[in-house]
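What follows is a single structure, written as structure tokens, with notes after it.
Letters A, B, ... are given to chains in the order of the sequence lines, protein chains preceding strands, and every chain is numbered from 1.
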There are 2 protein chains.
Amino acid sequence: MIQTDWAMPAALKENVVPVPGQIETRLWLQLLSLHGELFASLNSMLNSEFGLSLAKFDVLAQLDRYRDGLALGQLSQNLKVTGGNVSGLVQRLLADDLISREMSSEDRRSFIVRLTPKGEALFRKAAEIHKKHLAKRFENVPARDLDSALSVLKSLSSNDHTESKKQSRKR
Amino acid sequence: MIQTDWAMPAALKENVVPVPGQIETRLWLQLLSLHGELFASLNSMLNSEFGLSLAKFDVLAQLDRYRDGLALGQLSQNLKVTGGNVSGLVQRLLADDLISREMSSEDRRSFIVRLTPKGEALFRKAAEIHKKHLAKRFENVPARDLDSALSVLKSLSSNDHTESKKQSRKR
DNA sequence: TTGACTTACTTCACATGTAAACGTATGCTA
DNA sequence: TAGCATACGTTTACATGTGAAGTAAGTCAA
């Protein structure tokens with residue numbers, strides 16, 4: 001097919017007639033690698049500085065955003081993890097005294113969790129360092145590259161296909 | 001759009017004078033989200049079609065690449081996971097009869113693992129579907145966007161700063 | 001050769017994640 | 001109102017990951 005097939009060195013053909021799935025696979029491996037690196041370094045930083053895992057940090061971030069508290073089911077949806085996982089995380093955060101739990105007044109099956117003052121204070125500090133850590137990690141990357149990385153990642157995300165494409169042209 | 005720049009409340013101007021770490025954090029969240037989505041869908045596909053987890057698939061991929069076998073320590077380095085983790089993975093893959101293990105002839109502390117014929121056959125099929133799955137996931141993304149996503153991810157990876165920048169200009 | 005590191009792997013305790021099976025509370029329908 | 005389906009959270013069993021401690025084997029200096 002595709003007519004470059006005759007009389008072309010095999011090595012050059014790869015760029016012209018891409019193997020289906022080749023680029024996508026390389027993209028996935030690159031994503032995996034960057035994710036792994038960042039995850040490990042954020043996780044270890046949070047752990048040594050604040051005794052927090054990234055998982056716990058994510059819970060605190062949700063509760064910081066929803067100051068009126070969240071039911072465990074909502075937490076589980078927002079974090080995109082299973083209920084059983086949230087159950088355990090909440091128990092450990094309760095033990096750390098970073099969150100509080102009370103029964104919902106409307107639904108006796110439901111529990112509402114909130115940040116404690118201690119949890120809020122810890123999250124504020126941790127979020128600050130979290131941000132700085134990422135800024136430092138990428139300090140050598142030009143701002144333009146960061147912008148285009150962000151927009152290209154958005155364009156790959158599943159929800160992007162269903163949204164109305166408001167293409168704000170860069171620059 | 002954006003012509004709203006005159007007489008703009010400070011709160012809106014944040015795009016002009018970026019908060020340090022803001023973009024980096026958004027980038028991280030976007031990366032996390034895409035990673036999570038792809039990981040879950042690949043993992044669940046491999047599991048239902050082949051009884052494989054992504055972790056096991058990754059081990060098989062390494063052993064497919066190194067046909068002479070790998071010591072557990074090398075496996076652990078290549079996969080960037082701890083030795084304890086590899087230990088368990090190898091035990092489960094042995095139980096699945098997908099890999100074989102023998103003592104190294106040179107070093108009696110060392111074990112060499114290899115694909116069994118069954119493991120190789122399974123990996124071939126799984127790698128094929130893995131590739132197709134990714135291709136399908138991104139079928140609506142223009143090839144140009146995939147290329148730029150790949151190159152921007154590479155530019156964010158830590159090893160990129162130390163490499164000689166051979167910028168193959170696209171197009 | 002002996003003694004002291006180092007290396008290779010395993011094991012243990014634990015955190016984080018899933019899926020499935022419960023128990024209990026709600027809510028809807030007949 | 002009785003009964004059934006659904007929703008909420010917990011528990012269990014398991015996979016995957018870490019870090020630390022333990023065992024056995026290799027290495028090297030004295």
Residues two or more places apart in sequence or in another chain: which of them pass ring-ring contact (aromatic ring centres under 6.0 Å, His included) with A:F57?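 Per chain and number, A:F57 pairs via ring-ring contact (aromatic ring centres under 6.0 Å, His included) with A:F123, A:H130.
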Can you list everything that forms a ring-ring contact (aromatic ring centres under 6.0 Å, His included) with B:Y66? Sequence neighbours excluded, please. none
Taking only heavy atoms on the protein side, list every residue of residues 78-106 of chain A lying under 4.0 Å from any atom of DNA chain C, sorted numerically. A:K80, A:V81, A:T82, A:N85, A:L89, A:R92
Please list, by residue number, the residues of residues 122-132 of chain B whose heavy atoms come closer than 4.0 Å to an atom of DNA chain C; answer none if no residue qualifies. none
Classify the angle between the aromatic ring planes of B:H35 and A:H35 as parallel (below 30°), tilted (30 to 60°) or perpendicular (above 60°). parallel
For [X], check salt bridge (Lys or Arg N to Asp or Glu O under 4.0 Å) against everything at least two apart and list the hits.
| X | value |
| --- | --- |
| B:E106 | none |
| B:R92 | none |
| A:R108 | none |
| B:D96 | B:K56 |

Hey, where on DNA chain D does chain A first and last touch, going 5' to 3'? Cut-off is any atom under 4.0 Å from a heavy atom. D:dA7 to D:dT11
To the nearest 0.5 Å, what is the distance between [atom1] on [X] and [atom2] on [Y]?
| X | Y | atom1 | atom2 | answer |
| --- | --- | --- | --- | --- |
| A:L146 | B:L156 | CG | CG | 6.5 Å |
| B:L89 | B:S53 | CG | OG | 6.5 Å |
| B:F39 | B:L54 | CZ | CG | 5.0 Å |

Using a distance-only test with no angle check, is there a side-chain donor-acceptor pair under 3.5 angstrom linking A:Q30 and B:S157? yes
Quick one, A:D58 with A:V81, criterion side chain to side chain contact (heavy atoms under 4.5 Å, CB included). Give me CA distance, side-chain angles, the key distance, then yes/no. CA-CA 11 Å; A:D58 287 346; A:V81 297; over 6 Å; no
Going by number, which of residues 43-72 of chain A have a non-hydrogen atom under 4.0 Å from DNA chain D? A:A71, A:L72
From the 5' end of DNA chain C to its 3' end, which nucleotides mark the outer limits of contact with chain B, defined by a 4.0 Å heavy-atom distance cut-off (strictly under)?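 First and last nucleotides in contact are C:dT7 to C:dT11.
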Mark yes or no for whether A:S155, through its side chain, and A:V152, through its backbone, hold a donor-acceptor pair below 3.5 Å. yes
Does B:E139 pair with B:K136 as a salt bridge, N-O distance under 4.0 Å?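 Between B:K136 and B:E139 there is a salt bridge, with a charged N closer than 4.0 Å to a carboxylate O.
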Is the shortest distance from a Lys or Arg side-chain nitrogen in B:R114 or B:E102 to a carboxylate oxygen in the other one below 4.0 Å?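 Yes, charged N to carboxylate O under 4.0 Å.
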Evaluate whether atom CZ of A:R65 has more than 12 neighbouring non-hydrogen atoms of other residues, nucleotides or ligands under 6.0 angstrom away. no
Pair A:E128-A:R124, salt bridge (Lys or Arg N to Asp or Glu O under 4.0 Å): steps then yes or no: CA-CA 6 Å; A:E128 185 64 26; A:R124 291 254 176 268; over 6 Å; no
Under the 3.5 Å Watson-Crick or G-U criterion, the dot-bracket string of DNA chain C, with | for inter-strand pairs: ||||||||||||||||||||||||||||||
